[in-house]
Amino acid sequence: MTPRSRKVAVVGVALSDCGRVDDATPYALHAQAARRALADAGLGREVVDGFASAGLGTLAPVEVAEYLGLRPTWVDSTSVGGATWEVMAAHAADAIAAGHANAVLLVYGSTARADIRAGRRTGNLSFGSRGPLQFEVPYGHTLIAKYAMAARRHMLEHGTTIEQLAEVAVQARANAALNPEAMFRDPITVDDVLSGPMIADPFTKLHCCIRSDGGAAVLLVAGELVRDCRTAPVWVLGAGEHVSHSAMSEWPDFTTGPAAVSGRLAFERAGVRPEEIDFAEIYDAFTYMTLVTLEDLGFCGKGEGGAFVEKGRLLVRGGELPVNTDGGGLSAQHPGMRGLFLLVEAVRQLRGEGGERQVWGPGGPGEPPRLGVASATGGWFCSSGTLVLGRD
């Protein structure tokens, strides 16, 4: 076996304490998640020769690696918003396959909620006013306003209704009800979503992700290390990444996101079709992200997302394509760049560790799913990373 033909597996996944965490620093959450992921894999810190992180420290991920006691010989600090972790995982898989690393640890942690509660930070109106963004900032575009504009365009062009978008939030909450770790588990209805306070037209509060604290970690290794692990491997079958635009004026079509490219590449490289996928973990900072990403990934046609989601298809129980099986960013947790949480949940599902929210494979109850996809979007539909994962 030549180094470039090495298979790559995810063998360790974990979350730190999540939800309301008032007594920890972001560094502590990184460390907690990292220790738990290594313990999950049954491996020691000494095997880690690759490290990827973003979002913390002046020299991310140098400071985080130092805090964790790591001295990696392969490193990645790619930062493209919420899609960061899928893109990093793709880079890590390439590095392992090429023999540049044997075990790569991806770690994230944030006290976004606790910081606001304690007055250590405030809500940002924009990401800055330099470069291309200087032409938009004077008009007051917030991050959520950009997503809201895109949602309105989809509604105008394809007849998508606000009730259909609300269904995404309702079904995410129903999945969260099965997840004891989810921050919000009480059922909601379409009327609950529609009657909430307006945040950015057409989004009311429940169309928007929650704000939480929390961290996550994922360990990827070369195939030959799998025998040393305590967990069954989940294989990286294919990955794709894409960046679309920075300025909204440069986005050619508000109804198509970058997952249309990253998803196509991931499926092609994995050699599978969307209809073979058993479940999907999709970045859901807002309900529209889920709907349009389902279209972009090929689970339904362009403009058909509204009709697709209103049939209860996203539910763990009874859904044709369970989506965001843990409750997603709309109900489970969302501490910032949530893409790593998608990978943790996808691996748990493929290993049959979902508990009450476990999705079953083609063989029915008792058989874990065979194939899953994790697709994250970053910025304001600026970037996307998609991974197809499978079990033996």
Side-chain angles (χ1 to χ4, degrees), residues 82 144 146-155 158-179 182-196 198-210 254-257 259 263 277 279-334 338-339 341-342 345 357 359 373-377 380-381 384:
I144 184 174
K146 295 179 180 184
Y147 280 100
M149 288 169 60
R152 273 295 180 199
R153 190 68 196 179
H154 199 280
M155 297 169 77
H158 300 296
T160 306
T161 68
I162 194 63
E163 289 82 7
Q164 290 170 335
L165 287 171
E167 274 289 348
V168 174
V170 171
Q171 293 173 60
R173 182 62 63 86
N175 291 342
L178 303 174
N179 176 13
M183 196 169 175
F184 292 95
R185 304 179 64 194
D186 292 337
I188 57 174
T189 66
V190 169
D191 286 342
D192 292 331
V193 179
L194 300 186
S195 62
M198 183 63 67
I199 306 298
D201 188 26
F203 295 150
T204 52
K205 182 178 179 179
L206 291 175
H207 282 283
C208 308
C209 65
I210 61 178
F254 282 18
T255 71
T256 299
I277 297 296
F279 68 94
E281 309 297 340
I282 293 174
Y283 205 99
D284 62 339
F286 308 104
T287 53
Y288 177 59
M289 295 175 75
T290 302
L291 184 146
V292 78
T293 303
L294 287 167
E295 296 179 351
D296 291 339
L297 295 178
F299 292 117
C300 58
K302 181 52 61 181
E304 298 175 2
F308 185 87
V309 302
E310 71 179 354
K311 303 296 184 182
R313 289 187 172 96
L314 315 186
L315 295 170
V316 168
R317 293 289 167 259
E320 296 175 25
L321 179 71
V323 171
N324 295 338
T325 50
D326 63 346
L330 292 169
S331 287
Q333 76 290 111
H334 198 301
R338 193 180 177 272
F341 293 76
L342 308 184
E345 179 65 12
R357 67 183 187 277
V359 174
V373 64
S375 187
T377 303
W380 36 95
F381 282 111
S384 177

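Just so it is clear, the model here is predicted, and its values are computed rather than measured. Positions are given from 1 along the sequence.
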query: Should Thr325 and Glu281 be marked as a side-chain contact (heavy atoms from CB on, under 4.5 Å) after you check the CA-CA gap, both sets of side-chain angles, and the distance that decides it?
result: CA-CA 7 Å; Thr325 50; Glu281 309 297 340; 2.7 Å; yes
- prompt: Does the side-chain contact (heavy atoms from CB on, under 4.5 Å) test come out yes or no for Leu314 and Leu321, once each step is laid out?
  reply: CA-CA 5 Å; Leu314 315 186; Leu321 179 71; 5.6 Å; no
- prompt: Between Tyr288 and Thr255, does a side-chain contact (heavy atoms from CB on, under 4.5 Å) hold up when you go through it step by step?
  reply: CA-CA 10 Å; Tyr288 177 59; Thr255 71; 4.2 Å; yes
- prompt: Are Glu320 and Lys311 close enough, and set up right, to give a side-chain contact (heavy atoms from CB on, under 4.5 Å), and what steps lead you there?
  reply: CA-CA 9 Å; Glu320 296 175 25; Lys311 303 296 184 182; 5.8 Å; no
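The minimum heavy-atom distance between Leu194 and Thr204, with the atom names listed, is O-CG2, 3.9 Å. Looking at every heavy atom in both residues, Ala259 comes nearest to Ser375 through CB-OG, 3.9 Å. Of all the heavy atoms in Val292 and His154, the pair that sits closest is CG2-CD2, 4.4 Å. When every heavy atom of Asp296 is checked against every heavy atom of Gly257, the shortest pair comes out as OD2-N, 2.8 Å. Minimum heavy-atom separation, Gly339 to Ala376: CA-CB, 4.2 Å. Here the closest non-hydrogen pair linking Arg173 and Leu330 is NH2-O, 4.4 Å.
The aromatic rings of Tyr147 and Phe286 sit tilted, their planes meeting at an angle between 30° and 60°.
Two residues are said to be in side-chain contact when any heavy atoms from C-beta on lie closer than 4.5 Å; Phe341 and His334 fail this criterion. Taking the side chain as every heavy atom from C-beta outward, His207 and Ile162 approach each other to under 4.5 Å.
With hydrogens and angles disregarded, no donor-acceptor distance shorter than 3.5 Å links the side chain of Asn179 to the backbone of Ala176. Listed for the Glu295 side chain is a donor-acceptor partner under 3.5 Å among the backbone atoms of Glu304. Checked by atom type and distance alone, the side chain of Glu310 never pairs as donor or acceptor with a backbone atom of Glu167 at under 3.5 Å. Distance alone, capped at 3.5 Å, places no donor-acceptor pair between the Thr287 side chain and the Ala166 backbone. The closest donor-acceptor contact from the side chain of Arg338 to the backbone of Tyr283 lies at 3.5 Å or more, if one exists at all. Side-chain N or O atoms of Asn175 include one that pairs as donor or acceptor with a backbone N or O of Val323 at under 3.5 Å.
Residues Phe299 and Phe308 place their aromatic rings such that the two centres sit no closer than 6.0 Å.
Separating the OG atom in Ser384 from the CG atom in Leu297 is a distance of 7.5 Å, to the nearest 0.5 Å. With values rounded to the nearest 0.5 angstrom, Leu315 atom CG is found 11.5 Å from Arg313 atom CZ. Within the model, atoms CZ of Phe254 and CZ of Arg153 stand 8.5 Å from one another, a figure rounded to the nearest 0.5 Å. Separating the CD1 atom in Ile282 from the CG atom in Leu291 is a distance of 9.5 Å, to the nearest 0.5 Å. Atom CD1 of residue Ile144 and atom CD1 of residue Ile199 lie 6.0 Å apart, to the nearest 0.5 angstrom. Distance check: Asp284 CG to Thr290 OG1 gives 4.5 Å after rounding to the nearest 0.5 Å.
Counting non-hydrogen atoms of neighbouring residues, nucleotides and ligands closer than 6.0 angstrom, the CZ atom of Arg152 exceeds 12 such neighbours.
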